[in-house]
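Notes to accompany the following structure.
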Amino acid sequence: MEAPAAPHDPVETELTVTSPEQMRELGRQLAKLLRAGDLVMLTGELGAGKTTLTRGLGEGLGIRGAVTSPTFVIARVHPSLGDGPPLVHVDAYRLGGGLDEMEDLDLDVSLPESVIVVEWGEGKVEELTDDRMEILIHRTVGTAPAEGANPRTAETDEVRHVTVTGLGERWAAVDLSVLSA
């Protein structure tokens with residue numbers, strides 16, 4: 001008989017997303033699992049769907065304001081329209097490595113009462129907390145279309161493979177498979 005997973009063992013699920021609307025829906029479903037104090041790191045190439053996923057998160061959390069890429073402002077705070085946590089959306093693409101450059105954003109101060117989503121955060125925000133969700137979005141490029149099919153269809157342009165990993169004690173008992181239902 002196999003021993004149960006230790007609280008620090010990562011939990012993971014993999015999904016295939018075939019449209020921007022499915023990516024937003026994934027964000028809405030993820031929002032049901034999130035609470036104040038959660039850090040979500042999004043990794044994926046340009047155009048992978050990180051901001052689209054964050055729009056869905058914002059919709060699911062019931063926040064005020066449209067979620068757009070914060071590339072040039074680095075971070076945006078979206079207050080909750082209800083009694084849920086605000087969403088802090090960070091784009092760390094233009095920042096160098098390490099938490100030092102992130103300190104001016106005061107993410108460590110915002111974390112306890114907010115859901116913080118960081119695009120391009122790998123190697124930059126892990127030190128904020130051991131308990132975090134990491135989402136890797138891999139965009140399928142160059143998939144051969146079926147014979148006779150239009151080469152510019154959802155099969156080639158929209159397919160994303162998404163890996164959702166919960167790290168730390170916070171995520172140890174969370175069933176991420178509900179995201180694929």
Side-chain angles (χ1 to χ4, degrees), residues 7 10-44 48-93 95 99 102-122 124-137 160 162-181:
V11 294
E12 185 174 285
T13 191
E14 295 185 12
L15 311 141
T16 300
V17 175
T18 60
S19 70
E21 181 49 43
Q22 279 189 351
M23 188 65 79
R24 281 176 84 148
E25 179 58 27
L26 174 58
R28 287 188 287 270
Q29 294 302 314
L30 277 167
K32 294 176 184 178
L33 301 176
L34 297 175
R35 62 184 186 211
D38 284 339
L39 172 66
V40 180
M41 286 178 29
L42 301 179
T43 303
K50 297 178 297 296
T51 301
T52 301
L53 177 77
T54 306
R55 282 187 189 112
L57 278 171
E59 291 166 9
L61 290 171
I63 54 96
R64 185 177 73 214
V67 172
T68 59
S69 179
T71 299
F72 296 104
V73 295
I74 309 298
R76 283 197 174 94
V77 177
H78 298 276
S80 175
L81 290 171
D83 36 345
L87 172 67
V88 178
H89 184 199
V90 179
D91 186 330
Y93 184 75
L95 301 176
L99 194 57
M102 302 293 284
E103 278 186 1
D104 288 341
L105 299 176
D106 288 331
L107 295 181
D108 55 337
V109 173
S110 300
L111 185 59
E113 66 268 356
S114 304
V115 170
I116 297 181
V117 175
V118 183
E119 297 184 27
W120 305 98
E122 188 174 15
K124 299 173 184 171
V125 297
E126 290 90 339
E127 294 174 33
L128 282 173
T129 179
D130 291 332
D131 295 317
R132 64 185 176 276
M133 177 178 280
E134 295 181 355
I135 301 175
L136 173 63
I137 305 171
R160 308 293 194 265
V162 181
T163 304
V164 180
T165 306
L167 298 167
E169 194 171 341
R170 154 73 174 100
W171 296 102
V174 176
D175 181 10
L176 296 179
S177 69
V178 300
L179 299 172
S180 58

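Nothing here was measured: the structure is a model prediction, and the numbers come from that model.
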Inset, instruction - Looking only at non-hydrogen atoms, find the nearest pair between E113 and P85 and report the distance. - result: O-CB, 3.7 Å
Inset, instruction - Please name the pair of heavy atoms, one in G82 and one in S80, separated by the smallest distance, quoted to 0.1 Å. - result: N-OG, 3.0 Å
Non-neighbouring partners of [X] that pass side-chain contact (heavy atoms from CB on, under 4.5 Å), sequence neighbours left out:
X    : result
D130 : none
V11  : W171, L176
T165 : P10, E12, T163, L167
P79  : R64

Mind checking the [atom1]-[atom2] spacing from [X] to [Y]? Nearest 0.5 Å is all I need.
X    : Y    : atom1 : atom2 : result
L61  : S114 : CG    : OG    : 10.5 Å
R170 : L33  : CZ    : CG    : 7.5 Å
R160 : T18  : CZ    : OG1   : 10.5 Å
Q22  : T52  : CD    : OG1   : 12.5 Å
I116 : M133 : CD1   : CE    : 14.5 Å
Q29  : L53  : CD    : CG    : 11.5 Å

[Y] and [X], any side-chain heavy atoms less than 4.5 Å apart:
X   : Y    : value
D91 : K50  : no
L87 : V67  : yes
T51 : E119 : yes

Inset, instruction - Please confirm whether the backbone N or O of D131 pairs with a side-chain atom of T129, one donor and one acceptor, at under 3.5 Å? - result: yes
Legend entry - D175: partners by side-chain hydrogen bond (donor to acceptor under 3.5 Å, both in side chains), with sequence neighbours left out: S177
Inset, instruction - Output all residues satisfying salt bridge (Lys or Arg N to Asp or Glu O under 4.0 Å) with E122, sequence neighbours left out; order by chain, then residue number. - result: none
Legend entry - Partner of V118 by side-chain contact (heavy atoms from CB on, under 4.5 Å), out of V90, T54, V40, T43: V90
Inset, instruction - Identify the residue among V117, V178, L57, V115 that makes a side-chain contact (heavy atoms from CB on, under 4.5 Å) with L30. - result: L57
